[in-house]
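The structure appears right after this line, and notes come after that.
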Amino acid sequence: MKINVFGSSISALVCAGCLAESGNQVVLIGHRDNETIEPGLVKLLDAQIDAARLSIESQFDVEADFQILSLNANQCQEAKIICAKLAHSTNKDMCLVIRSSFTMGTIKQLSDIAKTDCLVNPDFASEGQAIQAFTRPDRIIIGSSNPQNTRNFKRLFAPFNRNQDVIIEMSEASAELTKYATNAMLATRISLMNELAIAAEHLGADIEEVRLGLGADKRIGSSFLYAGIGFGGTHFGEDLNRIQALINATGARESLLESVITINEQQKELLFRKLWQHFDCQIEHKTIAIWGVSYKPNSNSIEGAPSLALIKAFVNQGCQLKIFDPMLDVNFMIWMKETLSLTQQAQVEICADMYEATQQADALCVVTEWKPFWSPNLVALKENMATPILLDGRNLYDKQWIEHNGFTYFGVGR
Amino acid sequence: MIYTAAYPPLKAHANQLKTQHLADLFKAEPNRFEAFSTAIEGLLFDYSKQKIDSQALDGLIKLAEERDLSEWIQKLFAGEAINHTESRAAGHTRLRDVNNPSPDVSKQWDRMANIVSQVHQKQLRGYSGKPITEVVNIGVGGSDLGPLMVTHALDKDRHPQAPGIHFVSTLDAQQLQKLLNKLNPETTLFIIASKSFATIDTLSLADTAKAWIQQYAKSESATLRHFIGISTNAAKMAEWGILPDYQLLFWDWVGGRFSLWSAIGLSIALAQGMAGYKSMLAGAQAMDQHFKETPFSKNIPVLMGLIGIWNTNFLELAAQAILPYDSRLKYFASYLEQLEMESNGKSTRRDGTKVTYRTNPILWGEVGPNAQHAFYQLLHQGTERVMSDFILFSQGVSTSKRATFHHQLNVANCLAQSRALMIGQASDDLNKHYPGDQVSSTLLLETLDAHHLGMLIALYEHKVFVQSVIWNINPFDQWGVELGKKLASEIMQDIKSGSTDHLDSSTAGILKAVLAHSTGVSDEN
C-alpha cells in the first residue's frame, strides 16, 4: 500500500514508522524534530528509512492509497490545505484517515473540502508508550460511514489486530467524542481523587490506602487514581475545554468539567499552601528546594506543569528557590523570562545536582516522580537543609520512614 | 447674596420671566439651543430648556463676579485652607494630577498598584494560601458611595483579572451577613475604608468580618492577611491590626465625599486596573482644567451652578431631580445626594452668621426609564415645581442590532420626557392636561467609560463649589452629622443599662417597646 502520513508529532512519526515496518510504502510529510523523547522511535525510523520503506518529503502524491492526517490539534488550517489538494485525486479507493484531535465538527469540513469521506481513527497512546500502543492497542476505534473505507482500513491495520479483535466500529462523530471523553474521564478521576484527598486529610485517613481499596473494585479499576499536585501537559485541558464548549453551545451550563479543571489548577499550588500554613503565612526570604520541573518524568515538557504554578507562588512571596530537574531545558528558561520579573528571576537558582539544591533549604518540594527521587539519602538531606521539611507532591515516600528520620512530612491526602 | 448689586435686578427679571411658559420662550426664540448650550470634548451641556434668557445669564455671571468666584476657584486649586471651620485645604483636585503628581500622592498610587497587581495575578494570599478572588469594601458615606457608583457604572469595562467586588455599608450588618453566607473565607479580602478609622458603622462591620475569618484562620497573623486598611490615620489602622504592607494612606485635606480620587478608590482600581483608575482621574483633571480656564459664559460647572442658584433663589423651585438614562448610573443619584446635600445643605455663612436665603434644594433621582414609572407623574402633573438634570450617552453599550434598538429606545424616551416636561399639552379634561413648564438641563456625554465618568463627577463637584461661593458657605465640612452620632452613643448606653429616664417620652416609649421584645444574646457571631 502507498501511504502518506502528515505531521511531525510523536503520533505521526510512530504511525509512519509502524506502518512502514509492516511492509507499506510510507511517505512522511513532516520532520523528525521530536523523535528523541519517545523510546525506540529513532531506531524504528532509521531502520525503515534504511529499508527504503519510509521517506521524508515535503511534497506528496495525491494518488496514494491512504492519506493519514496526524497533525497537531492547532494545525486545522494545514489540514484544510492538504484536503483541498486531495480533492484532485483520481484514486477511487483512496482512504482519508484523521488521527488528529481537531475541534469537534472539523471532520465534516475536511470531508467536504477533500470531496471524499473521512475515516476517524483517534490515537489514544500516551507519550513514552506510543510504539507499544500502536502495535498492540487496547482498542482500534474506526469512525466511518463508508464501508469501503472501513474495509481498506481494517486490512491496513490487520497486523496490529491479530491477538484478539480490538476493532470497534462507530460513526465519525462518536469516534471523535470517544477520544475526548477518554481524557475527560481520566482527568475527572484525578480531580476526584484530589477532592477525596482533602477529605482524607481532614479525617486523618490516608488517600494512598483509600486508593488501594477503591482500585480493587472491578467496576472502578486501579488506573488514574493517584492523588497528587495535579496533571499537566496540554491534552487533558484541551479536551476538557472542547467538551465544555460543546456542552455550553447547547445552552446548558453544567459545570462538572469546569470543576475538574479548577480543582486541578488549585492542586498545582498545594505544596505552596501547605508550607504557607506551616510557616503561618510568613515565608518571605525562605529558601525552597524544588525537585522536578517537567510535568511528568522522562520528559522535558513543562506545559501546564504544577512546578510552574509553585515557582510563581513562591517567588511572589519573596522566597529563594533552588531547582533541580534531570532534563531541565531551554524551554524553562524561556518560561522564566516571559513570566517572571528580573528580580524574581534572580530569586531562582538552577542546580546541577539534586542534593546541591537542598543546601540550606528551609523545605524540599518533590514535584515530579523522576526515578532518582524515589529513594533519597535522608542523612545527606538532613545535613544539607536548614530545616528538615519534606513536601511530597506525588506521595512517593513512606510517611513514617521520613518522619522517623526527623523530617516534617507533608503529602497529598495523608 | 441678596446684598449684591446684581441681586435686585435679577430678582425683578425673574419675577417677570416666571409668568412666561417655557414653550413660549421657544416660540419667541427658536434658536434657543444654539444660544443656551455649550460643549467641550466629549460633553454637551444643553440648558435651553431652563427658564433663562441672555439678560438673566448676564446677571448671574455678574453675581458670580461680585461673589469673587474667580478668586475662590484660584484658592481651591492653590490649596488654600478654604475649609476654614476645620482649618484645611480641599485638595481633591491635587489627587488627579496624573501628569505631575506630588510625591505623597504618587507613593500611594504605587502602593495601590502593587496590591492591584498581586490580586490580578492571583498572588495575594489568604490564610490557607489560596489566592484572593473576592473583595468586600466596608465603608460608609464617601468611603462607599463613590467607589460603589463607579465600579457599578464601569462594570462592562472591568479588568479581565479583576476579583469579584462587593460593597457593604449598613451598620445593621444585614448586607454583610448576606455576603458572608455565600463567600469563601479562604479567598475573601476586606477593604476597611474609613477616613478617621473611628467610624462606628465601619469598625463594627470590620470587627464582624474579622470574627468571621477568625473562625477559620489558625492565627492572628493569618487572619490579618484578609484586611486592607485605607485611612488618614495610620496609628488607628495599626492599632486595629492592619499589617504595614496592607495600609493605604490619604490625608485630612481630602474630604470624605471627594475621597474616591484617593486610595479610597482601591476598589475601583481593583475592578478597572490601575490604567482604568488613572483614566478616571485624567477625565476629572480635564474637567478641572476646563473649570479653571474657561470664561464663565462657556464654563459648564459655572453655568450649572448658576442655573441652580437661579432656579432655587430666583424662580423658587423646590427640588432637583437627577435622571440618568443609563442603568449603569444606577447609584449616581445616591452619590450626588451626599455630594450636594452634605456639601451645601447648610444655613451658616462663612462669617458665622445665618443665611437669609435658601441654599441646597432636596436632590433625589433614579435611572430615568424606571423613574418614568415611578415619580414622573409628579413631575408632569403635580403641584411641585422641580428642576431636572437628564444625563444621556451618545454611544450605546454595543453596536449589535438589539443593543442599538434598545439604545435608540432609551434616547427617544429621554428626549420625549424633557420635551414633554417643557412643552406640556393642554386638554379640557384635567386628567389629561399636562401643564409643562418644568425646567431641565441635559448632559450628553459621548460614552460611559472611566474618562467620561471622571469628567461627569468632577463637573458636579465644581458645580457644588460654585454654588457654595454664591451662598457664601463652606461646602467642605459637615457639622450637621455630629449630633446624631453623639446621641446614638448615649442611647447605646441606655440600651445596655435599660434606663430611659432622661429621654423624651417619644424616644423613651419606642426604646421601651424595643427592649420589651428583646430576645437576649446568643454566643453565635
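In what follows, chains carry the letters A, B, and so on, assigned in the order in which the sequence lines appear, proteins first and then strands, with residues in each chain numbered from 1.
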Item checked: Residues which pass side chain to side chain contact (heavy atoms under 4.5 Å, CB included) with B/Ser267, listed by chain and number, not counting sequence neighbours -> B/Asn137, B/Pro147, B/Ile165, B/Phe167, B/Ile191

Notebook entry, point to check: Residues two or more places apart in sequence or in another chain: which of them pass side-chain hydrogen bond (donor to acceptor under 3.5 Å, both in side chains) with B/Asn233?
Noted result: none

Pairs of donor and acceptor atoms under 3.5 Å between chain B and chain A, please, with atom names and distances.
unit_1   : atom_1 : unit_2   : atom_2 : d
B/Gln123 : O      : A/Gln317 : NE2    : 3.1
B/Arg125 : NH1    : A/Glu269 : OE1    : 2.7
B/Arg125 : NH1    : A/Glu269 : OE2    : 3.4
B/Arg125 : NH2    : A/Glu269 : OE2    : 3.0
B/Gly126 : O      : A/Trp276 : NE1    : 2.7
B/Tyr127 : O      : A/Trp276 : NE1    : 3.4
B/Ser128 : O      : A/Gln277 : NE2    : 2.9
B/Ser219 : OG     : A/Asp280 : OD1    : 2.4
B/Ser219 : OG     : A/Asp280 : OD2    : 3.1
B/Ser221 : OG     : A/Asp280 : OD1    : 3.4
B/Ser221 : OG     : A/Asp280 : OD2    : 2.8
B/Ser221 : OG     : A/Gln282 : NE2    : 3.3
B/Arg225 : NH2    : A/Cys281 : O      : 2.8

Notebook entry, point to check: Under a 4.5 Å cut-off applied to non-hydrogen side-chain atoms, are A/Phe410 and A/Ile402 in contact?
Noted result: no

Next item on the list: May I ask you to check whether B/Asp201 and B/Thr199 show a side-chain donor-acceptor distance below 3.5 Å?
Entry: no

Item checked: Residues B/Lys107, B/Asp104: salt bridge by 4.0 Å N-O rule -> no

Check: Can you name the residues that form a side chain to side chain contact (heavy atoms under 4.5 Å, CB included) with B/Ala198, not counting sequence neighbours?
Finding: B/Ser196

